[in-house]
Engineer: 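There's a structure below that I have some questions on.
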Amino acid sequence: MSVLLLSAAACGGGGAAPAGPGAASSSPSPAAPSSPSVPPSTTLPPPMPLPSPSGPPQTHPTQGPPPGDTAPAAGQIDASALPAGYPHDVTLAQGGKVVVIHADEAGCDHIMAAAGGETAQQAVVVVTVTKAPHGQMCPMHVREVSLPVPLAEPLGGRQLVLRPGP
């Protein structure tokens with residue numbers, strides 16, 4: 001609404017054209033700028049600044065390891081015991097001392113990961129997915145989670161075994 005008023009004031013601010021020969025000398029020249037009189041209450045608010053990012057963009061598990069993390073070597077992860085739909089996207093942090101499981105939680109689902117034991121040949125991580133009881137209403141949203149699991153020793157060349165929890 002304000003923009004229309006400003007446009008109307010700018011275009012029609014001169015009124016009717018002068019009628020007589022003497023009237024032309026009393027009107028301002030066309031080169032003189034005219035500023036319409038706009039009350040302060042009708043001015044537009046300043047534009048809102050765009051939010052500035054608060055750091056590097058968040059990565060999604062399908063876009064590679066997060067900054068600072070490394071991917072385990074090819075064939076180093078054994079996720080064959082996990083049921084379909086369980087997360088098995090893994091990175092290593094802190095020089096291999098922390099296994100990070102990356103997953104998408106949806107609605108009332110809850111995903112947990114914990115150390116399940118270590119030997120000289122392997123490190124076991126137990127992944128548990130808790131589903132909502134049948135019939136419970138849950139929000140329809142997905143959230144990315146990263147589940148850090150500290151190891152007693154860096155993974156190194158050991159096999160990482162992912163097993164389902166209770």
Side-chain angles (χ1 to χ4, degrees), residues 1-7 9-10 35-36 38-166:
M1 184 71 180
S2 314
V3 174
L4 292 175
L5 291 174
L6 290 174
S7 298
S35 58
V38 178
S41 63
T42 60
T43 59
L44 296 175
M48 295 296 292
L50 294 175
S52 63
S54 60
Q58 297 295 320
T59 60
H60 189 273
T62 59
Q63 295 176 345
D69 287 9
T70 59
Q76 191 174 11
I77 300 174
D78 177 7
S80 60
L82 290 180
Y86 270 57
H88 56 272
D89 187 16
V90 176
T91 58
L92 301 173
Q94 298 179 15
K97 265 197 78 94
V98 177
V99 173
V100 183
I101 307 289
H102 302 279
D104 291 335
E105 284 185 329
C108 294
D109 294 354
H110 185 65
I111 301 172
M112 296 180 295
E118 296 181 46
T119 67
Q121 293 79 29
Q122 68 181 12
V124 177
V125 172
V126 178
V127 180
T128 306
V129 177
T130 306
K131 301 262 183 201
H134 183 70
Q136 178 179 341
M137 293 183 67
C138 295
M140 296 294 293
H141 67 277
V142 175
R143 59 199 169 273
E144 295 176 31
V145 295
S146 295
L147 308 167
V149 179
L151 300 176
E153 297 294 324
L155 184 61
R158 296 185 293 168
Q159 185 80 17
L160 176 62
V161 179
L162 302 179
R163 293 200 178 131

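Position 1 is the first residue of the sequence, and the numbers go up from there.
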Engineer: Could you tell me whether the side chain of Ile77 reaches within less than 4.5 Å of the side chain of Leu162, counting heavy atoms only?
Structural biologist: yes
Engineer: On a heavy-atom basis, which atom in Val142 and which in Ala106 lie closest, and how many Å separate them?
Structural biologist: CG2-CB, 4.1 Å
Engineer: Locate the shortest heavy-atom distance separating Gln136 from Cys108; write the atom from each residue and the value.
Structural biologist: NE2-SG, 3.7 Å
Engineer: Using atom types as modelled and distance alone, determine if a side-chain donor or acceptor of Gln94 lies under 3.5 Å from a backbone N or O of Val99.
Structural biologist: no
Engineer: Considering residues, nucleotides and ligands other than Lys131, do more than 12 of their heavy atoms fall under 6.0 Å from its NZ?
Structural biologist: no
Engineer: Provide the closest heavy-atom pair for Asp109 versus Ala132 in the form atom of the first, atom of the second, distance.
Structural biologist: OD1-N, 4.2 Å
Engineer: If you look at every heavy atom in Pro154 and Lys97, which pair is closest and at what distance?
Structural biologist: CG-CG, 3.7 Å
Engineer: Can you see which heavy atom on Gly116 is nearest to which on Val126, and at what distance?
Structural biologist: CA-CG2, 3.9 Å
Engineer: Can you confirm whether Asp69 sits close enough to Val100 that some side-chain heavy atom of one is under 4.5 Å from a side-chain heavy atom of the other?
Structural biologist: yes
Engineer: Within the distance-only criterion (no hydrogens, no angle test), does the side chain of Arg158 pair as donor or acceptor with the backbone N or O of Glu118 below 3.5 angstrom?
Structural biologist: no
Engineer: Determine whether a donor-acceptor pair (N or O, by modelled atom type, separation under 3.5 Å) exists between the side chain of Arg143 and the backbone of Gly107.
Structural biologist: yes
Engineer: Do Ser146 and Ile101 have side chains that approach each other closer than 4.5 Å (heavy atoms only, starting at C-beta)?
Structural biologist: no
